[in-house]
Amino acid sequence: RKGNVIITGASSGLGLATARALAETGKWHIIMACRNFLKAERAAKAAGIAKENYTVMHLDLASLDSVRQFVENFHRLGKPLDVLVCNAAVYLPTAKEPSFTAEGFELSVGTNHLGHFLLTRLLLDDMKQSDFTSKRVIIVGSITGNTNTLAGNVPPKANLGDLRGLSGGLNGLNGSPMIDGGDFDGAKAYKDSKVCNMLTMQEFHRRYHEETGITFASLYPGCIATTGLFREHIPLFRLLFPPFQKYITKGYVSEEEAGKRLAQVVSDPSLTKSGVYWSWNKNSASFENQLSKEASDAEKARKVWEISEKLVGLA
Ligand code: NDP
């Protein structure tokens, strides 16, 4: 049978390019988990993904009710789940004031981390039941959360601090909307959310890999300077960022190439190692990359896990 893969945020950028790369192999059925149904349907058509290779399902990660509803709807499809790709994200670098999810969490961490955390936890039993040979959960990370890199050292740097803001619920009413308890900074909130993504992947690995055989992995696909992720940035930035990445940092990667990379992490038989963070070198060869001190801090990962469980209503 075909493998069944759920990709969140498959309506544009990396998620769409990955859906397309997997569909082209003829070996996958892609469940495109998207907040905008019509946009996703149009994107799939425009990308030339054949009708029999995908299903669009509604998922708004900025609402935990929507996450639960998505899981129920997925169960109704009656399909096994073999691979889950947590790809969707928002990035709000120019926001002066925080925005919030339906439950009142700051939007970047609420969407990128907490929504995916609940989704993955709720789908884990489905994955356990699948008879697929190489089951995988992939949480897309980023270089920007890794302060051991040049890109990760551009201020504001990621820093989860002692997690006091996260413990307080990130709602800005009785505390701070930032994980570390500081003042709101949209660019930092995104980077912090990516650190949570990478910590969560490792904590899943520690808790579930041996028991379930599921591979848990993260990756940095390269700088895909053309995606919608930068839609909230100032126009001058959007004009100069792609050529800057192409010619100066040389970290630029096309959406198509990035999609192939993520598709590799989904299906390549040689990328089954669990608990790792993949990157690619200049020749587009994959290698296991080093995470920053904070993004590989096991104690912090456990704390983020426990606080997140409470916030999403699992504990
Ligand atoms: P895009 O903005 O193109 O894609 C993000 C996707 O997430 C969109 O499909 C968007 O939906 C979806 N999304 C946003 N909010 C929600 C929500 N509440 N519920 C459901 N879906 C939502 O950006 P990219 O393709 O660049 O980003 C994909 C991933 O790659 C992210 O995890 C990002 O952190 C990561 N990444 C990107 C890099 C880059 O250089 N671009 C570098 C490193 C990592 P909609 O189409 O409706 O807007």
Side-chain angles (χ1 to χ4, degrees), residues 6-20 31-44 46-47 56-67 69-70 85-93 99-103 105-116 118-119 138-146 149 151-152 158 187 189-198 200-201 218-233 237-238 241-242 244-246 249 251-259 261-262 265 277-280 289:
I6 292 177
I7 305 178
T8 68
S11 48
S12 73
L14 178 60
L16 179 63
T18 306
R20 180 190 207 167
I31 290 128
M32 300 172 67
C34 300
R35 61 177 167 176
N36 183 332
F37 195 89
L38 188 61
K39 181 178 176 187
E41 200 57 62
R42 283 191 176 136
V56 176
M57 285 182 64
H58 185 261
L59 167 67
D60 185 347
L61 288 157
S63 154
L64 298 181
D65 281 345
S66 172
V67 172
Q69 191 64 55
F70 171 84
V85 180
C86 298
N87 160 77
V90 286
Y91 174 48
L92 309 160
S99 306
F100 297 94
T101 67
E103 287 75 22
F105 307 126
E106 184 283 318
L107 193 64
S108 328
V109 176
T111 305
N112 309 356
H113 166 58
L114 292 170
H116 278 134
L118 179 63
L119 180 72
I138 298 149
I139 308 178
V140 178
S142 177
I143 197 171
T144 54
N146 276 302
T149 64
Y190 169 80
K191 294 177 188 180
D192 290 350
S193 78
K194 290 280 121 184
V195 173
C196 289
N197 284 154
M198 294 179 279
T200 303
M201 175 281 286
S218 185
L219 70 152
Y220 172 62
C223 182
I224 331 161
T226 51
T227 71
L229 199 66
F230 307 102
R231 63 170 84 72
E232 301 292 336
H233 229 301
F237 176 89
R238 279 183 280 143
F241 191 51
F244 173 73
Q245 290 294 345
K246 234 180 228 168
T249 70
Y252 176 86
V253 64
S254 68
E255 291 183 29
E256 190 186 358
E257 175 60 24
R261 291 177 178 182
L262 178 45
V265 184
Y277 166 69
W278 297 106
S279 296
W280 284 260
N289 206 348

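Reckoned from all heavy atoms, side chains included, excluding hydrogens, waters and symmetry mates. First listed ligand is number 1; within each ligand, the first listed atom is number 1.
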Under 3.5 Å donor-acceptor, [X] side chain and [Y] backbone:
| X | Y | value |
| --- | --- | --- |
| R238 | H233 | yes |
| K194 | N112 | no |
| S108 | A189 | no |
| N87 | I139 | no |
| H116 | C86 | no |

Just going by heavy-atom distances, which of [options] is nearest to [atom]?
| atom | options | answer |
| --- | --- | --- |
| atom 16 (C) of ligand 1 | R35, H58, E232, E255 | R35 |
| atom 44 (C) of ligand 1 | G141, G222, A225 | G141 |
| atom 12 (C) of ligand 1 | S12, S108, C223, A88 | A88 |
| atom 24 (P) of ligand 1 | L61, L38, T227 | T227 |

List every atom of ligand 1 that sits less than 4.0 Å from any heavy atom of [X], numbering the atoms from 1 in the order shown and giving each element.
| X | value |
| --- | --- |
| A62 | 18 (N) |
| K194 | 31 (C), 32 (O), 33 (C), 34 (O) |
| L59 | 19 (N), 20 (C) |
| K39 | 45 (P), 46 (O), 48 (O) |
| G13 | 3 (O), 25 (O) |
| V90 | 14 (C), 15 (N) |

Output yes when the distance from some N or O of ligand 1 to some N or O of [X] is under 3.5 Å, and no in every other case.
| X | value |
| --- | --- |
| N36 | no |
| L14 | yes |
| G228 | yes |
| A10 | no |

What protein heavy atom sits nearest [atom], and how far away is it?
| atom | result |
| --- | --- |
| atom 43 (C) of ligand 1 | Y220 CE1, 3.5 Å |
| atom 39 (C) of ligand 1 | I224 N, 3.5 Å |
| atom 28 (C) of ligand 1 | N87 OD1, 3.1 Å |
| atom 18 (N) of ligand 1 | D60 OD1, 2.8 Å |
| atom 9 (O) of ligand 1 | S11 OG, 2.9 Å |
| atom 2 (O) of ligand 1 | L229 N, 3.0 Å |
| atom 35 (C) of ligand 1 | V140 CG1, 3.6 Å |
| atom 5 (C) of ligand 1 | A89 O, 3.7 Å |

Side chains of S279 and N289, donor plus acceptor under 3.5 Å: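 S279 vs N289: donor-acceptor pair found between side chains.
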Polar side chain donor-acceptor pair, T226 to E255, under 3.5 angstrom: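 Yes, a side-chain donor-acceptor pair sits under 3.5 Å.
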Distance flag, aromatic centroids of F105 and F100, threshold under 6.0 Å: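 Between F105 and F100, which both carry aromatic rings, the centre distance is not below 6.0 Å.
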Worked check of ring-ring contact (aromatic ring centres under 6.0 Å, His included) between Y220 and Y277: CA-CA 7 Å; Y220 172 62; Y277 166 69; 7.3 Å; no
Derivation and outcome, side chain to side chain contact (heavy atoms under 4.5 Å, CB included), residues Y190 and L92: CA-CA 7 Å; Y190 169 80; L92 309 160; over 6 Å; no
Nearest non-hydrogen partners of M198 and G141, listed with the distance: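 Here M198 and G141 meet closest at CG-CA, 3.9 Å.
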L262 to L219 - nearest heavy-atom pair and separation: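 Taking every non-hydrogen atom into account, CD1-CD2, 3.8 Å.
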F230, portion touching ligand 1 at heavy-atom distance under 4.0 Å: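 Answer for F230: side chain.
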With sequence neighbours excluded, residues passing side chain to side chain donor-acceptor pair (under 3.5 Å) with E232: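 With sequence neighbours excluded, E232 shows a side chain to side chain donor-acceptor pair (under 3.5 Å) to no residue whatsoever.
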With sequence neighbours excluded, residues passing side chain to side chain donor-acceptor pair (under 3.5 Å) with R261: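 Side chain to side chain donor-acceptor pair (under 3.5 Å) list for R261, sorted by chain: E257, S284.
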Heavy-atom gap Y190 to ligand 1 smaller than 4.0 Å: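 Distance cut 4.0 Å: Y190 passes for ligand 1.
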